[in-house]
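Numbered from 1 within each chain, the chains take letters A, B, ... in sequence-line order. Just so you know, these numbers use all the heavy atoms, side chains as well, and skip hydrogens, waters and symmetry mates.
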Amino acid sequence: MKKIKVTLLDIVEEIKSFYDYKKWHFLTINGVALQDNMLEVQWIFSKYETLEEIVIFYVEIQYEDIIPSIVNIIPSAIISQRELVDMFGVEVEGSAKGLYLDKDSIQMPLRGCLL
Amino acid sequence: MFNFKKYRKKSPWILHYNAGSCNGCDIEILAALSPKYDLERFGVINTGNPKQSDIFLVTGPVTFRSRERLVELYTQMPEPKVVIALGSCTCTGGVFRDMYNVEDGIDRYIPVDVYIPGCAASPELIIDGIVKALDILEQKTKKMEKPLKLFQDASTKDGIINKRDCALKVGEKDEEN
Amino acid sequence: MKKTINIPLGSQHISLLEPVRFKFECENEKIVGVDSDVGFVHRGIEKACTTKFKYDGIGYVVARVCGLCAITHSLSYTVAIEELLNIEVTSKAKYLRILLLELDRIHSHMLCLSHTCENAGFEAMFMRIMGDRELIMEIQELLTGNRIQFDYINIGGVNRDINLEVATKIVNNLDRVKEKVMGYVDEFTNNWSLSLKFKRIGALSLDDAYKFNAIGPLARASGLNIDVRNEIKYLPYHEIGFKMQTHIDGDINARNIVRLNEILNSIEMCDNILAGIPEGEIQTKYKGKPNGESVVRFEAPRGELMYYVKANGTAMLERVRIKTPTFASIPAFSHIFMGENYADAPAILASFDPCLSCTAK
Ligand code: SF4
């Protein structure tokens, strides 16, 4: 497992230069709540037909930051982005709310301790 | 003449709705319908149409988004109807109890006649539960067919008897006692 | 004037086992747009894993994400924790784990095949496969004590030992299943009316499979060599004769053939395991609390399953991320529906073998 730290500004460029769609398999986008209102967002990739090769790009952001969308590079990322929006209440370019949550459910459930 | 009421018990149709279960109990329903357990020998058919079914088989703790559909399906079914809660998580919430997007069990929304516990409930239990539901279905049919006796309440104006008012009166009496 | 009409499918429909709602935009018979709503079964398991349960019980909770691939879920979670705690599992426990994993795959694939047949209107085949599937359920019950939710795997090993009687029974039943599956192969390849329903319908090309990151039988039917069993090392799959099954057509028929071949391969692997199961303990002792983060992938019957676990040295975990197979393939599903006939939609949907309770968690 290789973790690469990037900044929010050049994440799209970084993924664009890294991602070769015949070589790398896009797994998912993951969010991890950190201390002090910070959020770690991870883009996870694995290599086709190789033993245990996983690459994670991650950024650490505030909840107010707008996360750029990578749908132009990887079309199947759209569903992970919608989940991220629902679960953490962050804003991702061009992703709508309401994949899982209804109006009267608890909003942003994974953000801190609510229950 | 062909008597529909008499044969309702012999061929009940099932409506199955998944209100957020883990699929475990749903595949056990399929297994119960398949040749080894053969629920169809009781005349049971799994339909997709609420307007034609007699038994409502629900699995899963009710999730927020399926609440509306659950109640809607229930109201669309014709009387008499029997509701079966299948699986531990349908009866009480099970492992999902107190998670943020579920209501704990379907009896918060619709009245339940038969509870089938087990995670996952085995096909034998499902058959047992459905056979029990058939008895309840028959009782309900009988109850529905009985003529309703309304008693004359001296205090009502003009002697008009309102069924709902009578029911309210009875309820008040109960509370007093 | 508007040329298209919208036809909804779901959320409650006879051809669906689970609640999902598709809205098809149709022009005459052709589907030109798809909109899906998959959140009907969202329960909030990821949150509960970090607030309600301690780390040693979560293996049984995540099994309830999905009843069909319950074993893969608890196995992936357990392996993630074992990596953090540095537990070395005995080789007997490892083989028992693979055995159950493959049995689970066989019964899940059989369910999918029967369901595809039912949605194509072939009720007799549905009943036939469901009847034969009971042979597998029987041995699962013998081996673990329950038919669906096994709760067989715990941290450090497995919960029940296997004895000679059970092993013989498993071998016998697998032999019988193998014979039956041979019969299905014949039916699926030579039946003319089934081929009308299945051939060249719902096709996904290899390039699209790469682009949309398709996984599982869906991708392998298009010729994409992705099988996590080939890419992991904590289970000794290479020792027991794992073979990648692919096809080139990418249509419903290809998916069925891939599934049938996988069943045959799984039966072969189970036989190999039972022929040489090692002696030893089934449980290793462990102590300590997990700390750190780990990513674990496994091949569920429907494709790749990923667990991300982050722990901080206490009994409560910080984050559990579950990436389930169907969740990742939803963009591919929507892509395949484009340009197909509406009448084929239920059959195509069944051939994906979608698992919505996985998707929404
Ligand atoms: S009772 Fe258990 S097996 Fe059945 S639907 Fe609920 S969680 Fe799944």
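Taking all atoms of both residues into account, the shortest heavy-atom contact from B:M99 to C:G44 is SD-O, 3.7 Å. In this structure, B:G20 and C:R43 approach most closely via the heavy-atom pair O-CD, 3.3 Å.
Between the CE atom of C:M130 and the CG atom of B:L33 there is a distance of 8.0 Å, given to the nearest 0.5 Å. Once rounded to the nearest 0.5 Å, the distance linking CZ of C:F126 with CG of B:L30 reads 5.0 Å. Rounded to the nearest 0.5 angstrom, B:S21 OG and C:R64 CZ are separated by 12.0 Å. One distance of note links CD of B:E28 with CE of C:M137; it measures 5.0 Å at 0.5 Å rounding. A distance of 4.5 Å separates NZ of B:K36 from CD of C:E138, quoted to the nearest 0.5 Å. In this structure, B:D38 CG and C:M127 CE are separated by 7.5 Å, a value rounded to the nearest 0.5 Å.
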Inset, instruction - For side-chain contact (heavy atoms from CB on, under 4.5 Å), just list the numbers for C:E134 and B:S34, CA-CA rounded to whole Å, side-chain angles, deciding distance to a tenth of an Å, and then say yes or no. - result: CA-CA 9 Å; C:E134 289 299 326; B:S34 75; 4.1 Å; yes
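Residues of residues 145-152 of chain C lying under 4.5 angstrom from chain B, judged on non-hydrogen atoms, are C:N146, C:R147, C:I148, C:Q149 by number. Residues of residues 81-96 of chain B lying under 4.5 angstrom from chain C, judged on non-hydrogen atoms, are B:V95, B:F96 in numerical order.
In terms of heavy-atom pairs under 4.5 Å with chain C, the best-connected choice from B:S66, B:A31, B:A19 is B:A31. Contact count against chain C (heavy-atom pairs under 4.5 Å) is highest for B:N101 among B:N101, B:I27, B:D26.
Proximity to chain C is absent for every atom of B:I29, based on heavy atoms less than 4.5 angstrom apart. At a 4.5 Å heavy-atom cutoff, C:I129 makes no contact with chain B through either its backbone or its side chain. Only the side chain of C:R133 comes within contact range of chain B, with at least one heavy atom under 4.5 Å from a heavy atom of that chain. At a 4.5 Å heavy-atom cutoff, B:F64 makes no contact with chain C through either its backbone or its side chain. With a 4.5 Å cut-off on non-hydrogen atoms, C:F53 touches chain B through its side chain but not through its backbone. For B:E40, the part lying near chain C is the side chain, with the backbone staying farther off; criterion is any non-hydrogen pair under 4.5 Å.
Around the CD atom of B:Q52, the shell of radius 6.0 Å holds more than 12 heavy atoms that belong to other residues, nucleotides or ligands.
A donor-acceptor pair under 3.5 Å is formed between the side chain of B:T63 and the backbone N or O of C:F40. Judged purely by atom type and a 3.5 angstrom limit, B:N23 has no side-chain atom pairing as donor or acceptor with the backbone of C:L68.
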